[in-house]
Amino acid sequence: MTAQYIYAFHKGDGKNKVLLGGKGANLCEMTQIGLNVPPGFVITTEACLDYLQNHQLPEGLMDEVRANIAEIEALSDKKFGDSENPLLVSVRSGSAISMPGMMDTILNLGLNKLTLNGLIEHTGDTRFAYDAYRRFIQLFGKVALGIDDEKFDHHFAEIKRQAGIKADVGLDAEHLRQISELFLQVVQEETGRPFPEDVYEQLELSIKAVFNSWMGKRAVDYRREFHITPKMANGTAVNVVTMVFGNMGNDCATGVGFTRNPGTGVNEMYGEYLVNAQGEDVVAGIRTPKPVQELSNEMPEIYRQLVDLRNKLESHYKEVQDYEYTIERGVLYCLQTRNGKMNAAAMVKTSVDMVAEGLISKEKALLRINPELLEQLLHPQLDPNNKIPSVAQGLPASPGAACGKCVFDADSAEILGRSGQAVILLREETKPEDIHGFFASQGILTSRGGKTSHAAVVARGMGKACVAGAEDIKIDVRARLAVIGDIHIREGDTITIDGSSGLIYLGRIDTIEPKFSEDLKTLLSWADEYAVIKVHANVDTPERAQLAASYGATGIGLCRTERMFNASDRLPLVIDMILANTKEERQEALEKLFPIQRDDFRELFEAMSPYPVTVRLLDPPMHEFLPGEHQLEEEIQALNTYKTMIRGQQVTLDTLGEGSLLPAPFNQLNEELINKAIAKKELMLKKVRELYEVNPMLGHRGVRLGMSYPEIYQMQIRSILEAAAICTKQRKSIMPQIMVPQVITVQELIQVKKYVDQIQQEVESQYGIALDFKFGTMIETVRACTRAGHLAEVAEFFSFGTNDLTQATFSFSREDAENKFLPLYNETGLLEDNPFEVLDAKGVGQLMEMTALAGRKTRPGMKIGICGEQGGHPESIRFCHHIKLDYVSCSAPRIPIARLAAAHAKLLENEYTIG
Ligand code: PEP
Ligand code: MG
C-alpha cells in the first residue's frame, strides 16, 4: 500500500474533510480536543475512489484495518470476535459534504454465534444481546448483502402478531432469539450461503458496501439535486467506531441535539433523547423522543455534562453544531458532530447573535449563509387572521406554509409534482429512499417521529414546510387514506400544513407575504457595507417597486413597459392601436394611452425616489397583445351561433304571439350589435394573420417596432419625460433612464435619440424646467456586443439582457429549450447548468466582458448592469462583480439573496475562477 489509507481518531487531521469526510474529520478533531469519543479509525475517501476504480480494496488495506482494530482493542479493553468480551463496531459512511441518510451505515458489527454468547455473558442481558443481533443481521443483510428490508420486516411483524405485542419494546429475549433465527434463514435463502461468521469477513464486506453506496441511486440523485460536484466531495470515507449502547437499560439513552434551536436560532439547549434505545430509533422516528430539558430531571449529572459538551462544541467549531450522543451505563459519549443545517431564519438569527457574542466576525456571519437560503424567508405564511379551525397538530418541524393535494408515497408525489400540481407528501415516517418525493412536494407531513426525524431534517435543509409526528393521524397507505378521528382524507384531497405551528387544515388556506425580520435587516446592512455591486429590481408597478425598495433595492434596473399594457383599462386601447390602419388612427389610440402611461411612470419614479428607474421602451412583438388565431376563430363561431339563437328566440316569441320583446338579457342585444362584434373580431383575426411570424422572438420586436411605428416610442418617451417633469416641478429627487431594447446598430440608437431630443425640448419648454435623465441601451444581441464601442457613443449606459443574449449566443430558443432538450443536457452533464438560470460565464460571460471593456473605452466610467433572470443568481453575481458591472437587477423576492451574494462576491473575490 503506497498512500496512507487509514487514520486512527487520535491521529487524523481534523481539518481535512476532503480526505477523511466530514464525520471522520470531526471524530478525529473531537477526540483530539478531549471529548469522550469511542475509539475508532477512518478509512479515507482516497481508498474509496481506488476501490470504485479497481473494483477491489487497495492492496494491504485489510492488514491496516487489522492493525487499527488491534489499537481499538487495546483502548476499549475488548476483543474483536472474542467469545468473552467481544468488541462490536459500527461502520459509517461520511463524505466531505454532509448528505444525511444518503449512504449506508452498519451497526453492531462483530456479532456471530460465538460473540453473541460473549455479549450475553458480559452484559448479563440476553434480551439486549439478541436485540443487537437481530438488528445487525437485518442491517448487514440489507446493506452488505442487498436483501430487501421487506423479507425481514415480514417475519418481525409476524412474531409480534403471534405474540399479540404492539410495540417493539414488548418483545422478550425469546421472541428476539426466534426473530434472529428467522433472519439467519432469510440470509441463507436469499444469498444461498450462511450468514458470515468471520468477523473480518463481515467488516470487509461492510467497508465495500459503504464505498459502493457512494454510487447508489439515492446518493447520486442527492448530489445532482444539490449540485455537489467532485471538487466539493469525491468518494465517501468509512468510519469504524467502537459500539456504545444506549439500549442496555434505564441508565442508558441515546439522543441528538443542536447547539442552538435550528427552527428559531434561539441560543438554548435543543434536542431529543430516548431512554434505553439505539441511535437509529431517534433518527428514524420509530419512537417519539422526549425534549432534552427532561433529561435534567431524569439524569441531572449527565445533563450537566451534556450542557458542557454543547458549550465546548460551539466554542471550538464557532458554528452551530448538530451532534449525536449515547449514554451507556451512566457514561456520556459523543458520537458525531457536524455543522447544523438550519432554516434561513435561524441562520440569520444565529449569525447576528454570534457576532454580538463575539464568537465570529461580520465577514464570517455573512459567509456562513448560502444566499439562496434566504429565499425561504420570503415564503408565504398562513394568514394569522384565518378563521378555519385546524384538524390536527404535529411538531413544527420546518417552517412555512404549504398547500396541496395529498399523496401517500414518494413516487406518486413525483408523478403529480411533475405534472405541475402542488402536493403534500403524507407518510407515517420518511426514509432516505423517499427523497425524490421531497423534491416534488410543497410540504411533508408525517404521523411519527420528532423534530430531528429524517423528514424534519431533510425538509429543513430544502426549506420545505414540514409537520412531523402528528400522531392523531392514522395513515393507511394501501387504502390511500388518512384518518383523523372521524375525518377521512383521501389521496387527491387538498390540505394545508403550517410548518411553523405544526397545525394541519383541510382545504386551502390563504397565505400572506412574510415580513423582514430585524435580524435580516441587520445582516443585509452588513452585506451592503462589503458589497461593491449594487442591487436593482425588475419591477413594473408602483406596488412592486415599493416592495422591492423595502427589500433593499437601490433602483429599478428594468421596467418592462408592456406589462403596464396588460391591465384591463389599457388592453383595449393597445388593441385599438395595433388594429389602426392609418397613422392617424394609431395616434388617436396612443393619445388615450399617453396620460395613463405618464401617471404610471410618475408613481414609479416616486416609489423609487431618489434611485434610478430604468424604463424600457416597448419590446415584445405586437401579436402578443392580441388573442391567438384559434381563440379568435372560436369566438367568431360562437358569435355567429349566438346571432342564430337570438333570431330563433325572436321567431319563437312571434310564433307564440306573446309580444315582440325578448326577456333580459336578450333585449339588450340585437343582431346589429353582434355583427359589430363579429366585424371587430374578424379584423383582429386578419391582423393576427398579418402579424404572424415563424420566429417572433427573432422578429418584429424591440427597437424594430420603434423604427416601424415611431409614434409608439414617441408616446412612451413623452410619458416618461412628462412624468419626470411633474416630479421635478414637485422637487422630488428622481433619476429616470430610458432604455432601448434589441439594438443591433448605433443607427437605431441615433434615430431614437432624435425623438428623445425633440420631445425633451418640447417638455422642458412646456414645464419650464431642465430635465435630468439618461439614455441607454440593452445589450441582448451578439451584434450589439461586437459594436459596443460605437453604441457607447450614444448610449450613456448598458444593461445586459441576458435572457435574449443567452438565446442568441447558444442559438437555443428561450421559449422551448427548457422543456425540450436542456434537461437532458444537464442530466448527462453535456452542460453543467441551465444557462437561462445561471449565467454562462464561459460563453455569454466572455461577450459581456468584451462589451463592457469596449463600452468603457469609449465612455470611461460608463454604468453597466444586467437585467436578465440570471441577475438574481449568486454564482452569476460573482461573475458580474468579477467583470466590474455596476449593478445586477432581479425580481423583488430575489433582492435579499442578491444583496448577500454581492457581499460574498466581494469577500471571496480573490478565490474566484470562471468554471
Ligand atoms: C432579457 O432579454 O434578458 C431581458 C431582460 O428582456 P426580456 O426578458 O423582457 O426579453
Ligand atoms: Mg430581452
Side-chain angles (χ1 to χ4, degrees), residues 535-541 544 548 553 555-566 612-625 693 695-706 713 716 737-744 748-749 752 776-785 788 791 795 797-818 833-841 843-845 847-848 851-852 863-873 876-877 879-880 883 885-892 894-895 898:
V535 178
H536 293 185
N538 290 356
V539 290
D540 323 301
T541 62
R544 295 303 283 178
I556 294 180
L558 174 63
C559 163
R560 292 175 162 102
T561 42
E562 62 271 17
R563 302 245 171 113
M564 296 172 156
F565 284 170
N566 282 324
V613 173
T614 313
V615 181
R616 180 178 72 183
L617 301 177
L618 191 65
D619 180 43
M622 301 247 256
H623 75 84
E624 282 194 12
F625 298 103
E693 291 175 297
N695 283 318
M697 291 306 272
L698 304 179
H700 203 174
R701 62 174 289 212
V703 70
R704 271 103 66 188
L705 291 174
Y713 270 26
Q716 291 199 298
Q737 310 206 122
I738 298 174
M739 181 160 75
V740 189
Q742 295 291 331
V743 166
I744 53 153
E748 291 164 328
L749 282 181
V752 182
T777 180
M778 292 195 73
I779 302 284
E780 40 189 354
T781 66
V782 177
R783 195 169 192 284
C785 295
L791 299 184
F797 66 90
F798 283 168
S799 176
F800 287 104
T802 42
N803 302 332
D804 277 310
L805 191 57
T806 301
Q807 166 170 272
T809 308
F810 281 75
S811 289
F812 283 0
S813 158
R814 58 188 271 195
E815 310 297 303
D816 297 318
E818 286 171 289
D833 291 303
N834 171 356
F836 293 104
E837 209 174 273
V838 184
L839 187 72
D840 163 46
V844 178
L847 285 173
M848 290 168 68
T851 306
K863 289 260 181 302
I864 305 182
I866 174 177
C867 63
E869 295 318 300
Q870 299 88 342
H873 190 277
S876 318
I877 293 171
F879 175 76
C880 293
I883 62 164
L885 295 196
D886 296 287
Y887 68 89
V888 295
S889 192
C890 55
S891 63
R894 292 201 75 84
I895 284 164

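By convention here, the first residue in the shown sequence is residue 1. Only this structure's heavy atoms are used, side chains among them; waters, hydrogens and symmetry mates stay out. Read the numbers this way: they start at 1 and go in the same order the structure lists the ligands and their atoms.
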Exercise. What's the verdict on side chain to side chain contact (heavy atoms under 4.5 Å, CB included) for Met778 and Cys867, showing C-alpha distance, side-chain angles and the deciding distance?
Worked result: CA-CA 9 Å; Met778 292 195 73; Cys867 63; 3.4 Å; yes
For this session: Check the pair Ser813 / Met697 against side chain to side chain contact (heavy atoms under 4.5 Å, CB included), numbers first and verdict last.
Result: CA-CA 8 Å; Ser813 158; Met697 291 306 272; over 6 Å; no
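- No side-chain donor-acceptor contact under 3.5 Å links Thr781 and Gln742.
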Exercise. Going through the distances and angles, do Ile864 and Phe797 end up as a side chain to side chain contact (heavy atoms under 4.5 Å, CB included)?
Worked result: CA-CA 6 Å; Ile864 305 182; Phe797 66 90; over 6 Å; no
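- Protein atoms that are N, O or S and lie under 2.8 Å from the Mg ion (ligand 2) are these: Glu780 OE1, Asp804 OD2.
- Listed by chain and number, the residues in a side-chain hydrogen bond (donor to acceptor under 3.5 Å, both in side chains) with Thr851 amount to none (sequence neighbours excluded).
- Contacts of ligand 1 (protein heavy-atom distance under 4.0 Å) are Leu558, Arg560, Arg616, Asp619, Arg701, Met778, Glu780, Gly801, Thr802, Asn803, Asp804, Arg814, Cys867, Gly868.
- A donor-acceptor pair shorter than 3.5 Å cannot be found between the side chains of Ser891 and Glu869.
- Checked by atom type, the side-chain pair Gln870/Ser876 shows no donor-acceptor distance below 3.5 Å.
- Under the side-chain hydrogen bond (donor to acceptor under 3.5 Å, both in side chains) criterion, Arg560 pairs with no residue at all, not counting sequence neighbours.
- Using a 4.0 Å cut-off between charged side-chain N and carboxylate O, Arg701 and Asp804 make a salt bridge.
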